[in-house]
Student: 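I have a structure I would like to understand better, so I am pasting it below and will then ask my questions one at a time.
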Amino acid sequence: EVDAVALLERAIEIDPEFALAHTTLSSIYGGFGETGRSEEYARLAYEHRERVSERERLFITYQYHDRVTGDQLKSRETLEVWKRTYPRDYRPSNALALLLIRLGEYEAAVAEAEEAQRRNPLHAFPRSNLAHALRGAGRYAESRAVAEQAMAEKLETVPMRRLLYQLAE
């Protein structure tokens, strides 16, 4: 992701209305913990959302409400629409799992993370979200097993490593 930043910023120099580049930078900076920059790019993407596909518009709208307005109900509604409209896409279930974890709805988050993992078994984030949802649900052994299996398959994330540290006896 670090290498992508310069390329995405260059793309925005060429086309300042490149909404998908803005929203991708919002995701990257959010992952880095740079909240202000993440919000700024989410806002810019939202301003230029008329130039994207419907799937991209749903992602941008979700991210805008999640990062800028803080309206978790609108975030959730957008993710539900995205999930129904594009049933083979893992990303809305994955994002919904993360949102449900934040809302403390852990069993629902487990179901969404499992669905995201079913749709994209080789991506690290659904596994990470599943491990975190299981921990939130008090299913510690399962959480550790999911994280350890992901690590063994080289599908690790920084939050997953942190989770394993927190679960260590």
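Keep in mind that what you see is a predicted model, and the values were worked out from it rather than measured.
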Student: Starting from the C-alpha separation in whole Å, work towards a yes-or-no answer on side-chain contact (heavy atoms from CB on, under 4.5 Å) for Lys83 and Glu115.
Tutor: CA-CA 11 Å; Lys83 193 171 117 176; Glu115 182 61 23; 5.7 Å; no

Student: Answer yes if Tyr140 and Leu163 sit in the same cluster of Ile, Leu, Val, Met, Phe, Trp and Tyr residues linked by side chain heavy atoms under 4.5 Å apart, and no otherwise.
Tutor: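 Yes, because Tyr140 and Leu163 connect within a single hydrophobic cluster, where side-chain heavy atoms sit under 4.5 Å apart.
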
Student: Is there side-chain contact between Asp89 and Arg55, with heavy atoms separated by less than 4.5 Å?
Tutor: yes

Student: Can you name the ring-ring contact (aromatic ring centres under 6.0 Å, His included) partners of Tyr106, sequence neighbours left out?
Tutor: none

Student: For Glu156, give me all partners under salt bridge (Lys or Arg N to Asp or Glu O under 4.0 Å), at least two apart in sequence or on another chain.
Tutor: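 Salt bridge (Lys or Arg N to Asp or Glu O under 4.0 Å) check on Glu156 returns Arg161.
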
Student: Tell me who clusters with Leu20, hydrophobic residues only, linked when side chains sit under 4.5 Å apart either directly or through other members.
Tutor: Phe18

Student: Applying salt bridge (Lys or Arg N to Asp or Glu O under 4.0 Å), name anything that partners Glu17, two or more places apart in sequence or on another chain.
Tutor: Arg51

Student: Among all residues two or more places apart in sequence or in another chain, which pass the side-chain contact (heavy atoms from CB on, under 4.5 Å) test with Glu105?
Tutor: Arg76, Leu100, Leu103, Ala108

Student: Leu164: which residues meet the side-chain contact (heavy atoms from CB on, under 4.5 Å) condition with it, sequence neighbours left out?
Tutor: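 Applying side-chain contact (heavy atoms from CB on, under 4.5 Å) to Leu164 gives Arg144, Ala147, Glu148, Met151.
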
Student: Does this structure show an ion pair linking Arg57 with Glu54, if we count only N-O contacts that are shorter than 4.0 Å?
Tutor: yes

Student: Nearest 0.5 Å, what's the CG-CG distance between Leu8 and Asp3?
Tutor: 11.0 Å

Student: Would you call the rings of His123 and Tyr90 parallel, tilted or perpendicular if under 30° counts as parallel and over 60° as perpendicular?
Tutor: tilted

Student: With rounding to the nearest 0.5 Å, note down the distance linking CG in Leu79 to CD in Gln63.
Tutor: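 With rounding to 0.5 Å, CG (Leu79) is 10.5 Å from CD (Gln63).
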
Student: To the nearest 0.5 angstrom, please state how far the OH atom of Tyr62 sits from the CG atom of Leu99.
Tutor: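 That separation rounds to 6.5 Å.
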
Student: Which heavy atom in Asn129 sits nearest to a heavy atom in Ala97, and how many Å separate them?
Tutor: CB-CB, 4.3 Å

Student: Just how far is it from atom CZ of Arg49 to atom CG of Leu44, taken to the nearest 0.5 Å?
Tutor: 12.5 Å

Student: side-chain contact (heavy atoms from CB on, under 4.5 Å) with Tyr29: which residues, sequence neighbours excluded?
Tutor: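 Here the qualifying residues are Val5, Glu9, Leu25, Phe32, Glu34, Arg37, Ser38, Tyr41.
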
Student: Among all residues two or more places apart in sequence or in another chain, which pass the salt bridge (Lys or Arg N to Asp or Glu O under 4.0 Å) test with Glu142?
Tutor: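 For Glu142, the residues satisfying salt bridge (Lys or Arg N to Asp or Glu O under 4.0 Å) (neighbours in sequence not counted) are Arg139.
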
Student: Mind checking salt bridge (Lys or Arg N to Asp or Glu O under 4.0 Å) for Glu153 and listing every partner two or more places apart, or none if nothing turns up?
Tutor: Arg127

Student: One thing to verify: whether Glu47 and Arg43 come together as a salt bridge, which I'm taking to mean a side-chain N less than 4.0 angstrom from a carboxylate O.
Tutor: no

Student: Minimum heavy-atom separation for Glu56 to Ser53, with atom names?
Tutor: OE1-N, 3.0 Å

Student: Output yes when a side-chain donor or acceptor of Ser143 lies under 3.5 Å from a complementary backbone atom of Ala131, and no otherwise.
Tutor: yes

Student: Determine whether a donor-acceptor pair (N or O, by modelled atom type, separation under 3.5 Å) exists between the side chain of His22 and the backbone of Pro16.
Tutor: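 A pair under 3.5 Å: yes.
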
Student: Is Phe59 close to Arg91 at the side-chain level, that is, under 4.5 Å between some pair of heavy atoms?
Tutor: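 A side-chain contact is absent here, since even the closest heavy-atom pair is not under 4.5 Å.
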
Student: Under a 4.5 Å side-chain heavy-atom rule over Ile, Leu, Val, Met, Phe, Trp and Tyr, are Leu134 and Met160 clustered together?
Tutor: no

Student: Report the distance from atom CZ of Arg88 to atom CG of Asn120, rounding to the nearest 0.5 Å.
Tutor: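 Rounded to the nearest 0.5 Å, the CZ-CG separation comes to 13.5 Å.
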
Student: Partners of Pro159 by side-chain contact (heavy atoms from CB on, under 4.5 Å), sequence neighbours excluded?
Tutor: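 For Pro159 the side-chain contact (heavy atoms from CB on, under 4.5 Å) partners, ignoring immediate neighbours, are Ser128, His132, Thr157, Arg162.
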
Student: Just verifying a value: how many Å separate Trp82 CH2 and Ser93 OG, rounded to the nearest 0.5 Å?
Tutor: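 Those atoms lie 10.0 Å apart.
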
Student: Provide the full list of salt bridge (charged side-chain N to carboxylate O under 4.0 Å, His left out) pairs with a residue in residues 60-72, sequence neighbours left out, each pair given once.
Tutor: Asp66-Arg102

Student: In the single-linkage hydrophobic clustering (I, L, V, M, F, W, Y; side-chain heavy atoms under 4.5 Å), do Val2 and Ile28 co-cluster?
Tutor: yes

Student: In this structure, would Val68 and Val52 fall into the same cluster of hydrophobic residues linked by side-chain contacts under 4.5 Å?
Tutor: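 In one cluster: yes.
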
Student: Suppose clustering is done on Ile, Leu, Val, Met, Phe, Trp and Tyr with side-chain heavy atoms closer than 4.5 Å. Which residues sit in the same group as Leu73?
Tutor: none

